[in-house]
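Here the structure comes first, spelled out in structure tokens, and everything after it is commentary.
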Amino acid sequence: TGSSIFIQIFKNEFLEPTYNKMYRGFNLKINLNAEFISKYKPDGLSLYDNHKKIILDKFKEFVKKNNTINGTEIESLFFPQIDAHIFMSHSHKNIDEVIALAGFLNKKFGLKTFIDSCLWESAKELQKTLDSEHSWTDPVKRETYSYDQVGFSSSHAHMMLSVALSKMIDRAECVFFYNTPESIFPYKTQTNTNSPWIYSEITTTQIINKKIPSRRKAEYTRLYSDGGFINENLQLFYQLDLNHLATINAPDFNEWVTKTAIIPEDALDLLYDKIPLKKPKTFI
């Protein structure tokens, strides 16, 4: 009989763009001890839970009983409510560490970190919401789910969340990939990941249009004064290419966080200055 779920997409010429902010990405290679996690996890958890609640509440609003989900409303109402300086990509096995790290960066610099699992952990909840409305074999008895309908709702849930992740990356000025043995394998060669979310996020950081903050224009001018453009050809393999992310090791990270910043953007500038952009070797 076909699916009863539809996605409406409306073009609204009057919506102001709220993204196109991504500037740089970093490959974060640090180890956080138990004492650090215990100290800063409560601070990070309050931010994490607030973001997750906004996401779930907003997605559930659009699972209408008339079988319509308004995609434009999701974009215009959900995304402006979450603004972050940093987008954090990580393995679910490192959730306690990244939540603590987000709490620390907020307490130290006032930096707001969006943790990617706020979205991809919501996939199951979103699918359950869709299934509870649309996926019964018998909509009256509501005893068993239809295999086809569950598969269809799953594709919608993951599609919406994948798009949401891309837009959140685009909204954040800085991206951190929390590089651990849990997120990539084999760890020493750094070539693969078994997480489709990490693969999607890192690939997005490769192809997304970068925007130079006005306060960093001078740096950009120095690097590109000869008028070239960096060659950023996308490699479409199921391998994790981290070459475009600047590495932050433990000494660099520790030196950065001992600095003092008046506003969050000053903290990011300290990081950018600590690990500056490299002039591209090849041009188109």
Side-chain angles (χ1 to χ4, degrees), residues 19 21-22 25-32 34 36-60 74 78-79 81-107 111-130 153-185 187 192-205 208 240 242 245 248:
Y19 18 92
K21 293 182 180 178
M22 185 189 168
F26 292 91
N27 180 13
L28 186 60
K29 302 176 73 174
I30 61 174
N31 293 314
L32 303 177
F36 180 96
I37 296 171
S38 176
K39 182 176 181 179
Y40 293 106
K41 184 179 176 180
D43 298 297
L45 200 56
S46 63
L47 299 171
Y48 180 83
D49 287 343
N50 181 57
H51 283 166
K52 192 170 181 180
K53 184 178 186 303
I54 291 173
I55 292 165
L56 284 176
D57 287 350
K58 282 299 172 185
F59 276 132
K60 287 178 180 179
I74 292 177
F78 161 58
F79 288 102
Q81 295 193 40
I82 295 182
D83 209 0
H85 302 96
I86 297 171
F87 179 97
M88 183 79 70
S89 177
H90 73 99
S91 165
H92 70 279
K93 295 179 181 179
N94 301 125
I95 182 62
D96 290 344
E97 296 160 65
V98 295
I99 286 178
L101 182 57
F104 169 75
L105 293 174
N106 184 253
K107 199 166 186 177
L111 289 167
K112 296 179 182 177
T113 300
F114 182 85
I115 299 172
D116 65 353
S117 56
C118 281
L119 277 165
W120 48 254
E121 278 194 354
S122 301
K124 291 181 181 179
E125 295 299 324
L126 177 58
Q127 185 176 343
K128 286 179 182 178
T129 303
L130 289 168
S153 66
S154 176
S155 68
H156 276 294
H158 286 84
M159 179 275 295
M160 284 190 286
L161 291 170
S162 179
V163 171
L165 280 168
S166 297
K167 290 190 174 183
M168 285 306 304
I169 290 172
D170 203 22
R171 280 180 59 82
E173 180 179 308
C174 187
V175 173
F176 281 0
F177 169 55
Y178 191 65
N179 188 323
T180 66
E182 290 77 27
S183 58
I184 58 176
F185 69 93
Y187 185 59
N192 301 304
T193 181
N194 57 13
S195 167
W197 298 111
I198 289 177
Y199 173 71
S200 175
E201 290 160 8
I202 299 303
T203 301
T204 297
T205 66
I208 206 167
L240 204 56
L242 303 178
L245 302 181
I248 310 177

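Remark: Asp170 does not engage Lys21 in a salt bridge, criterion side-chain N to carboxylate O under 4.0 Å.
Lys112 is linked by a side chain to side chain donor-acceptor pair (under 3.5 Å) to nothing, counting only residues two or more places apart in sequence or in another chain. Scanning for salt bridge (charged side-chain N to carboxylate O under 4.0 Å, His left out) contacts around Asp49 gives an empty result, with sequence neighbours left out. Partners of Asn94 by side chain to side chain donor-acceptor pair (under 3.5 Å), not counting sequence neighbours, listed by chain and number: Glu97, Thr180, Glu182. Residues meeting the side chain to side chain donor-acceptor pair (under 3.5 Å) test with Ser89, sequence neighbours left out: Glu201. Scored by the side chain to side chain donor-acceptor pair (under 3.5 Å) test, Asn194 finds no partners at all (sequence neighbours excluded). Partners of Ser166 by side chain to side chain contact (heavy atoms under 4.5 Å, CB included), not counting sequence neighbours, listed by chain and number: Thr204.
Leu242 has its side chain within reach of Ile202: a pair of non-hydrogen atoms, C-beta onward, lies under 4.5 Å apart. Looking at heavy atoms from C-beta onward, Phe87 lies in side-chain contact with Asp116 at the 4.5 angstrom threshold. With a 4.5 Å cut-off on side-chain heavy atoms, Tyr48 and Ser46 do not count as touching. Proximity of Leu105 to Tyr40: side-chain heavy atoms (C-beta onward) are nowhere separated by under 4.5 Å. At a threshold of 4.5 Å between non-hydrogen side-chain atoms, the residues Val175 and Ile86 do not count as touching. Side-chain contact between Leu101 and Thr113: absent, with no pair of heavy atoms (C-beta onward) separated by less than 4.5 Å.
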Run the side chain to side chain contact (heavy atoms under 4.5 Å, CB included) test on Trp197 and Leu165 for me, step by step, so that the C-alpha distance in whole Å, both residues' side-chain angles and the decisive distance to 0.1 Å come before the verdict. CA-CA 9 Å; Trp197 298 111; Leu165 280 168; 3.2 Å; yes

For the pair Met22 and Ile169, evaluate side chain to side chain contact (heavy atoms under 4.5 Å, CB included) and give the outcome as yes or no after the intermediate values. CA-CA 7 Å; Met22 185 189 168; Ile169 290 172; 3.9 Å; yes

Walk me through it: do Asp96 and Ile37 pass the test side chain to side chain contact (heavy atoms under 4.5 Å, CB included)? CA-CA 7 Å; Asp96 290 344; Ile37 296 171; 4.2 Å; yes

Are Leu28 and Phe177 close enough, and set up right, to give a side chain to side chain contact (heavy atoms under 4.5 Å, CB included), and what steps lead you there? CA-CA 6 Å; Leu28 186 60; Phe177 169 55; over 6 Å; no

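Not a single donor-acceptor pair under 3.5 Å links the side chain of Ser38 to the backbone N or O of Ala34.
Rounding to the nearest 0.5 angstrom, the gap separating the CG atom in Leu47 from the NZ atom in Lys107 is 11.5 Å. In this structure, SG in Cys174 is found 8.5 Å from CG in Leu111, a value given to the nearest 0.5 Å. In this structure, NE2 in His51 is found 7.0 Å from CE in Met168, a value given to the nearest 0.5 Å. Rounding to the nearest 0.5 Å places CG of Asn179 at 10.0 Å from OG1 of Thr193.
Ser117 and His90 are linked by a side-chain donor-acceptor pair at a separation below 3.5 angstrom, with hydrogens and angles left out of the test.
When all heavy atoms of Ile198 and Ser183 are compared, the pair lying nearest together is CD1-CB, 3.8 Å.
Aromatic rings from Phe104 and Phe36 are positioned such that their centres are separated by under 6.0 Å.
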